[in-house]
Amino acid sequence: MFDFGARLKELRIKKGLTQTQVAKKLNLHKSTISGYEGNTKTPSIDTICRLAIFYNTTTDYLLGMEKKKMICADGLTNRQAEIVESLLAEFRAKTSVIGQVIK
(Lines give C-alpha, C1' and ligand atoms only; values in the text may rest on other atoms or scores of the structure.)
Protein backbone atom coordinates (compact mmCIF):
# COMPACT_ATOMS: atom_id res chain seq x y z
CA MET A 1 0.00 0.00 0.00
CA PHE A 2 1.23 3.49 -0.90
CA ASP A 3 2.25 5.86 1.91
CA PHE A 4 2.27 9.52 0.83
CA GLY A 5 3.71 10.70 4.13
CA ALA A 6 6.55 8.19 4.07
CA ARG A 7 7.49 9.30 0.56
CA LEU A 8 7.57 12.96 1.64
CA LYS A 9 9.66 12.13 4.69
CA GLU A 10 12.11 10.09 2.59
CA LEU A 11 12.56 12.98 0.15
CA ARG A 12 13.04 15.47 3.00
CA ILE A 13 15.64 13.31 4.71
CA LYS A 14 17.52 12.77 1.44
CA LYS A 15 17.78 16.56 1.16
CA GLY A 16 19.11 16.67 4.73
CA LEU A 17 16.35 19.01 5.91
CA THR A 18 14.20 19.21 9.01
CA GLN A 19 10.45 19.66 8.90
CA THR A 20 10.96 23.21 10.15
CA GLN A 21 13.35 24.01 7.29
CA VAL A 22 10.95 22.63 4.69
CA ALA A 23 8.07 24.55 6.25
CA LYS A 24 10.03 27.83 6.11
CA LYS A 25 11.06 27.28 2.49
CA LEU A 26 7.46 26.55 1.45
CA ASN A 27 5.93 29.20 3.73
CA LEU A 28 3.99 26.60 5.73
CA HIS A 29 3.85 25.69 9.41
CA LYS A 30 6.03 22.88 10.76
CA SER A 31 2.86 21.21 12.05
CA THR A 32 1.54 21.18 8.48
CA ILE A 33 4.62 19.35 7.19
CA SER A 34 4.38 16.98 10.15
CA GLY A 35 0.72 16.34 9.31
CA TYR A 36 1.54 15.58 5.68
CA GLU A 37 4.32 13.18 6.68
CA GLY A 38 2.10 11.55 9.30
CA ASN A 39 -0.82 11.24 6.86
CA THR A 40 -3.09 13.24 9.17
CA LYS A 41 -3.33 16.24 6.82
CA THR A 42 -3.90 16.29 3.07
CA PRO A 43 -2.18 18.97 1.00
CA SER A 44 -4.04 20.99 -1.61
CA ILE A 45 -3.27 20.44 -5.28
CA ASP A 46 -1.27 23.67 -5.27
CA THR A 47 0.81 22.45 -2.33
CA ILE A 48 1.41 19.06 -3.98
CA CYS A 49 2.75 20.91 -7.02
CA ARG A 50 4.97 23.08 -4.82
CA LEU A 51 6.27 19.98 -3.00
CA ALA A 52 7.06 18.27 -6.32
CA ILE A 53 9.02 21.30 -7.52
CA PHE A 54 10.81 21.63 -4.18
CA TYR A 55 11.84 17.97 -4.15
CA ASN A 56 12.66 17.89 -7.90
CA THR A 57 10.18 15.13 -8.61
CA THR A 58 6.78 14.70 -10.22
CA THR A 59 3.37 14.97 -8.66
CA ASP A 60 2.75 11.42 -9.90
CA TYR A 61 5.75 10.21 -7.88
CA LEU A 62 4.52 12.05 -4.77
CA LEU A 63 1.06 10.55 -5.18
CA GLY A 64 2.31 7.01 -5.76
CA MET A 65 1.25 6.90 -9.40
CA GLU A 66 4.76 6.07 -10.54
CA LYS A 67 7.70 4.51 -8.84
CA LYS A 68 10.27 6.26 -11.00
CA LYS A 69 12.55 8.83 -9.51
CA MET A 70 13.64 11.86 -11.47
CA ILE A 71 17.13 13.08 -12.12
CA CYS A 72 17.23 16.86 -12.07
CA ALA A 73 19.17 18.35 -14.97
CA ASP A 74 18.84 21.96 -13.82
CA GLY A 75 22.06 23.86 -14.29
CA LEU A 76 23.43 21.49 -16.95
CA THR A 77 24.19 22.62 -20.46
CA ASN A 78 22.25 21.02 -23.29
CA ARG A 79 25.31 18.92 -24.12
CA GLN A 80 25.70 17.76 -20.52
CA ALA A 81 22.01 16.81 -20.39
CA GLU A 82 22.45 14.81 -23.63
CA ILE A 83 25.40 12.95 -22.11
CA VAL A 84 23.38 12.10 -18.98
CA GLU A 85 20.51 10.85 -21.16
CA SER A 86 22.95 8.71 -23.18
CA LEU A 87 24.42 7.21 -20.03
CA LEU A 88 20.96 6.39 -18.69
CA ALA A 89 20.01 4.73 -21.97
CA GLU A 90 23.26 2.73 -21.86
CA PHE A 91 22.63 1.60 -18.27
CA ARG A 92 19.05 0.63 -19.09
CA ALA A 93 20.14 -1.37 -22.14
CA LYS A 94 22.79 -3.24 -20.16
CA THR A 95 20.34 -3.90 -17.34
CA SER A 96 17.81 -5.44 -19.73
CA VAL A 97 20.54 -7.58 -21.36
CA ILE A 98 21.72 -8.78 -17.95
CA GLY A 99 18.13 -9.59 -16.99
CA GLN A 100 17.71 -11.66 -20.16
CA VAL A 101 20.92 -13.59 -19.51
CA ILE A 102 19.88 -14.39 -15.93
CA LYS A 103 16.48 -15.72 -17.00
Side-chain angles (χ1 to χ4, degrees):
M1 182 173 189
F2 170 70
D3 187 337
F4 175 77
R7 186 157 284 182
L8 279 182
K9 184 176 182 178
E10 173 190 339
L11 290 167
R12 177 179 57 77
I13 290 170
K14 281 185 180 179
K15 280 193 116 170
L17 298 172
T18 65
Q19 289 179 343
T20 302
Q21 290 170 317
V22 172
K24 283 182 182 177
K25 291 181 184 280
L26 296 176
N27 198 28
L28 299 169
H29 292 281
K30 184 223 178 258
S31 63
T32 301
I33 299 300
S34 176
Y36 295 161
E37 290 185 7
N39 292 312
T40 59
K41 290 186 180 181
T42 303
S44 67
I45 293 171
D46 177 62
T47 301
I48 292 170
C49 292
R50 290 173 50 215
L51 286 163
I53 291 166
F54 180 75
Y55 287 121
N56 293 316
T57 192
T58 65
T59 55
D60 282 355
Y61 179 76
L62 286 180
L63 297 171
M65 302 300 292
E66 66 179 41
K67 300 206 186 304
K68 295 185 260 179
K69 294 185 181 178
M70 288 182 52
I71 295 176
C72 182
D74 291 349
L76 298 181
T77 66
N78 287 340
R79 181 65 185 133
Q80 289 169 328
E82 289 171 7
I83 291 169
V84 170
E85 288 176 18
S86 295
L87 286 169
L88 290 172
E90 182 77 18
F91 289 137
R92 287 184 186 114
K94 288 188 179 192
T95 300
S96 76
V97 169
I98 291 170
Q100 290 173 4
V101 170
I102 293 173
K103 290 179 185 178

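No experiment lies behind these values; they were computed from the predicted model shown.
Enclosure of atom CD1 in Ile13 by more than 12 non-hydrogen atoms of other residues, nucleotides or ligands within 6.0 angstrom is indicated. In the displayed structure, Asp46 atom CG is contacted under 6.0 Å by more than 12 heavy atoms of other residues, nucleotides or ligands. Shown here is Lys15, whose NZ atom has more than 12 heavy atoms of other residues, nucleotides or ligands within 6.0 Å.
A cation-pi geometry, defined here as NZ or CZ lying under 6.0 Å from the six-membered ring centre and within 45° of its normal, does not hold between Arg12 and Tyr55.
Using modelled atom types, one side-chain atom of Asn39 and one backbone atom of Gly5 make a donor-acceptor pair closer than 3.5 Å. Not one N or O on the side chain of Glu37 forms a donor-acceptor pair closer than 3.5 Å with the backbone of Ser34.
The distance from the OG1 atom of Thr32 to the CG atom of Asn27 is 10.5 Å, given to the nearest 0.5 Å. A distance of 12.5 Å separates CG of Asn56 from OH of Tyr61, quoted to the nearest 0.5 Å. The distance from atom CD of Glu85 to atom CG of Leu76, rounded to the nearest 0.5 Å, is 10.0 Å.
The pair Arg79-Glu82 meets the salt-bridge criterion, since a charged nitrogen lies less than 4.0 angstrom from a carboxylate oxygen.
Residues that satisfy the side chain to side chain donor-acceptor pair (under 3.5 Å) test with Lys30, not counting sequence neighbours, are Gln19.
Taking the side chain as every heavy atom from C-beta outward, Ile48 and Tyr36 never approach each other to under 4.5 Å.
Nearest heavy atoms, Arg7 versus Gly64: NH1-CA, 3.6 Å. Across every non-hydrogen atom of Gly16 and Gln21, the tightest pair is O-OE1, 4.0 Å.
Linking ILVMFWY residues whenever their side-chain heavy atoms come closer than 4.5 Å, directly or via other members, leaves Ile53 and Leu51 in distinct clusters. There is a path of hydrophobic side-chain contacts, each under 4.5 Å, that joins Ile83 to Phe91. In the hydrophobic cluster analysis, where Ile, Leu, Val, Met, Phe, Trp and Tyr join through side-chain heavy atoms closer than 4.5 angstrom, Ile33 is grouped together with Leu63.
Side-chain atoms of Ser44 and Thr47 include a donor-acceptor pair closer than 3.5 Å.
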